[in-house]
Asker: 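Quick one: structure below, then a few questions.
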Amino acid sequence: MPHEYVLEPFYAGKRSRIEYERALNPQQLAAVTSPHGPALVIAGAGSGKTRTLTYRVAFLLEQGIPPDRLLLLTFTNKAAREMMQRVEQLLGRLPGALWGGTFHAIGHRILRLHGERLGYKSGFSILDREDSRQLLSACIREVVPQGGRKRFPKSEVLSEVFSLAANLQLELSAVLSRFFDYLLEFQDFVEKVHQLYEERKRSTQVMDFDDLLVLWLKLLKEHPDVCDYWQRRFLCILVDEYQDINGVQSALIDLLAARHRSLMVVGDDAQSIYGWRGADFRNILEFPQRYPDARIFKIETNYRSTPEILELANAVIRANQHQFPKVLVAVRPSGPRPILLACADETQQAAFIAQRVTELRDAGTPLERMAVLYRAHHHALELQLELTRRQVPFTITSGLRFWEQAHMKDVTAYLRLVVNPSDPVAFQRVVQMLPGIGPRGAEKLWAIFRQSSSPVTAAHPPHGAAPDNATVSARLRECRAAVPTKSQPAWGGLIAMVSQLEQPELRRQPGEMIRAVLQAGYDEYLKTTYPNYRSRREDLEQLAAFANQFEDVLEFLAQTALLTNVEAEEDRPGYPESGCLRLSTVHQAKGLEFDVVFVIMLCDGMFPLARALADEGGAEEERRLFYVAVTRARNELYLTYPLLARTRGTAEIPWRQPSRFLQEIPKELLAEWTLRTSTWPG
């Protein structure tokens with residue numbers, strides 16, 4: 001065996017042009033200038049994590065590490081670009097050879113160089129999400145008998161199943177049991193589709209997004225010479241947002257760092273909130289066990305929030321058992337205590353927020369510096385209505401706008417068709433949910449439906465009248481002869497559903513109409529069409545509760561149309577987000593900050609979410625999510641919850657319990673407000 005001579009990197013020492021002691025606080029400085037070896041940096045909220053990581057890159061480069069021997073792994077391209085720009089500003093030059101980017105981007109570069117080891121030529125293609133779904137759809141058609149495809153999960157659902165299996169490194173059976181138990185009856189066919197999908201990717205020289213990680217790991221594990229090359233290549237490795245990595249990413253990092261062991265990971269275990277998509281916060285908690293000689297640095301100086309907000313944040317996270325204990329310390333001057341407010345119901349909660357936001361705007365806080373945060377999209381239903389009524393401009397960053405989501409448009413399409421048989425958009429949306437009917441077929445059926453001999457129903461009958469809505473189901477019966485054979489059973493189900501929705505009693509209960517649509521078959525459609533079935537089903541249950549406050553279905557549809565039209569206007573090109581109040585789920589708000597934050601719907605079962613509490617470790621992840629919410633606030637923080645649930649026409653009073661997280665906060669850290677409804681003078 002030849003003797004191995006270790007060539008250490010050369011440290012220039014005095015060439016530094018950056019005054020690190022002046023630019024960094026003592027905690028940041030200790031992390032940035034730490035010697036080589038494994039290091040864990042626990043960077044609390046608002047503590048300058050990006051600044052620390054950027055200065056660490058600059059420090060290593062100034063110490064003589066060649067740029068192409070340094071690897072920086074991030075979760076977004078934006079984060080990588082921002083760090084490279086800051087390094088360029090610090091050094092006065094851009095380290096162009098530095099390997100910096102997302103895990104997937106780095107995996108792509110390495111697989112281009114060594115893909116032939118796995119049977120891939122260097123010119124392999126990468127499937128985007130739509131490409132992947134099209135290939136999956138073709139595999140489904142080949143594997144699943146035609147008669148069984150109606151109920152079989154769509155490609156969008158299988159894509160999510162396969163992705164979780166890949167990133168969690170689990171068998172498909174385990175993923176189905178844990179996340180998609182309502183699809184277990186299809187397990188045999190799901191496994192056959194997966195096998196064919198993998199074979200097709202290899203035979204056609206394509207990879208999907210998950211392959212960029214999974215095959216990168218496979219390459220390093222199965223080809224020691226390739227692994228050895230990259231272990232020698234990267235003298236230093238830095239990882240951002242380490243609390244969000246999954247099992248594949250953790251294994252990749254440990255493999256690459258195995259030789260030089262100069263690894264610095266930066267993150268905050270208290271902000272690990274993506275367990276539902278495969279992130280495993282145990283990776284950061286167990287880092288000291290995997291690297292017993294690791295140095296641990298805590299950066300607890302917070303530059304964002306007032307002392308009062310940070311005292312509350314420290315109290316919020318204290319109840320978690322699995323964490324690195326830390327105490328955020330403010331550098332900013334004192335401000336008002338966070339405010340706790342119990343509202344009578346969601347309508348009063350919405351009225352309070354709309355009024356308070358207006359007062360704060362008039363007092364000088366711009367709307368764009370304020371945010372309303374919530375656990376789930378449907379929690380902002382009442383608030384959207386109230387802000388629209390008061391003409392307070394708002395923008396939503398929690399995914400698609402509530403009314404524009406597919407499952408919302410699907411269900412309201414049934415209701416629209418029942419009250420207005422002349423609505424072509426509603427008709428075609430409804431019939432295209434049936435198997436075997438596409439856009440062209442829907443147009444042909446619409447032409448027959450609109451020319452039916454049954455009389456046209458008045459779209460807006462007098463209040464209390466029972467219109468002759470039987471014409472809708474009668475027209476559907478007249479169309480039946482033109483419906484494809486394989487769609488006939490589903491068409492019969494549609495007629496039965498519409499006949500039920502036409503009943504005058506039901507038309508006065510729009511929430512019950514929504515539940516009837518779910519029970520008559522839409523629930524099954526949800527399961528096989530959308531990967532996040534449970535959250536969409538929850539949305540629709542809340543929509544039904546929301547709808548029952550209206551006198552009839554026409555009033556409900558009018559209000560939803562009002563909101564949808566306002567949203568469409570705001571979506572026009574050039575519509576400014578400045579001057580708009582921000583509405584967002586907490587997940588979408590991570591990494592952002594606002595002068596004023598309202599956290600709403602703080603009731604047990606809503607925040608924390610009941611569904612999340614059913615999972616192991618779910619309560620602690622929900623508490624971390626609450627911690628992320630409160631640490632978004634700079635100056636003022638409002639915590640609100642409704643005492644009563646949405647209801648109409650019932651003798652039972654549905655009381656809500658305040659969130660268990662609120663009960664964990666010492667009372668002296670909160671200023672409790674009460675509401676009094678003003679009366680008009682005279």
Side-chain angles (χ1 to χ4, degrees), residues 341 343-358 367-368 370-405 407-409 411-412 511 514 532 535-550 556 559-571 577 580-590 592 594 596-603 605-611 625-626 628-630 632-633 637-642 644-646 656 659:
L341 177 65
C343 304
D345 53 24
E346 290 168 55
T347 301
Q348 190 180 68
Q349 179 182 247
F352 164 73
I353 291 169
Q355 179 175 311
R356 187 63 183 146
V357 162
T358 304
L367 281 178
E368 64 267 24
M370 294 185 268
V372 182
L373 306 182
Y374 36 84
R375 177 62 180 87
H377 211 2
H378 58 255
H379 291 171
L381 262 173
E382 293 279 1
L383 180 58
Q384 291 181 55
L385 271 177
E386 188 64 26
L387 294 172
T388 302
R389 289 190 191 107
R390 298 189 185 215
Q391 298 184 323
V392 177
F394 62 90
T395 183
I396 301 178
T397 55
S398 47
L400 282 174
R401 296 173 181 276
F402 191 79
W403 302 104
E404 291 303 308
Q405 296 177 100
H407 56 303
M408 294 294 150
K409 299 181 79 169
V411 169
T412 53
I514 291 169
N532 53 345
S535 63
R536 290 184 189 253
R537 174 63 196 246
E538 197 172 73
D539 281 350
L540 291 170
E541 288 291 350
Q542 291 299 319
L543 179 67
F546 170 76
N548 267 343
Q549 70 182 287
F550 299 99
F556 167 68
Q559 288 293 338
T560 62
L562 171 66
L563 277 176
T564 303
N565 286 333
V566 168
E567 291 170 357
E569 182 179 329
E570 292 176 359
D571 280 337
E577 287 201 3
C580 292
L581 173 68
R582 181 78 65 94
L583 309 187
S584 177
T585 61
V586 183
H587 282 104
Q588 291 288 333
K590 185 174 179 289
L592 304 178
F594 303 90
V596 180
V597 169
F598 297 82
V599 186
I600 67 172
M601 300 302 290
L602 283 165
C603 312
M606 304 193 84
F607 201 162
L609 204 61
R611 175 166 39 85
L625 196 60
F626 183 43
V628 168
V630 300
R632 299 310 95 198
L637 175 64
Y638 296 81
L639 308 174
T640 71
Y641 64 94
L644 299 175
R646 295 188 186 103
R656 292 196 188 279
S659 171

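Just so it is clear, the model here is predicted, and its values are computed rather than measured. Any value given below was found using the heavy atoms of this structure, including those in side chains, with hydrogens, waters and symmetry copies removed. In this chain, residues are counted from 1 in sequence order.
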Asker: Side chains of Leu373 and Ser584, heavy atoms from C-beta outward: is any pair under 4.5 Å?
Answerer: yes
Asker: Go through the structure and list residues passing ring pair (Phe, Tyr, Trp, His ring centres under 6.0 Å) with Phe598, not counting sequence neighbours.
Answerer: Tyr638
Asker: Out of Asp539, Asn532, Thr412, which residue meets the side chain to side chain donor-acceptor pair (under 3.5 Å) rule with His407?
Answerer: Asp539
Asker: Does any N or O in the side chain of Asp345 come within less than 3.5 Å of the main-chain N or O of Pro642, such that one atom is a donor and the other an acceptor?
Answerer: no
Asker: Determine yes or no for a side-chain-to-main-chain donor-acceptor pair under 3.5 angstrom, with Gln349 supplying the side chain and Ala344 the backbone.
Answerer: no
Asker: Any side-chain heavy atom of Tyr374 within less than 4.5 Å of one from Leu583?
Answerer: yes
Asker: Using 30° and 60° as the class limits, which term best fits the ring planes of Phe550 and Phe546: parallel, tilted or perpendicular?
Answerer: perpendicular
Asker: For the atom pair CD1 (Ile600) and CE (Met606), what is the distance rounded to the nearest 0.5 Å?
Answerer: 9.0 Å
Asker: In sequence, state the C-alpha distance, the side-chain angles, and the governing distance for Ile353 and Val372, and then conclude on side chain to side chain contact (heavy atoms under 4.5 Å, CB included).
Answerer: CA-CA 9 Å; Ile353 291 169; Val372 182; 3.9 Å; yes
Asker: Drop me the distance from Glu368's CD to Arg582's CZ, to the nearest 0.5 angstrom.
Answerer: 9.5 Å
Asker: Can a donor-acceptor pair be found, under 3.5 Å and without considering hydrogens, that links the side chain of Glu386 to the backbone of Glu382?
Answerer: no
Asker: Output all residues satisfying salt bridge (charged side-chain N to carboxylate O under 4.0 Å, His left out) with Arg536, sequence neighbours left out; order by chain, then residue number.
Answerer: none
Asker: Would a distance-only check, ignoring hydrogens and angles, find a side-chain to backbone donor-acceptor pair under 3.5 Å from Ser659 to Phe607?
Answerer: yes
Asker: With a 4.5 Å heavy-atom cut-off, do Leu581 and Phe594 have their side chains touching?
Answerer: no
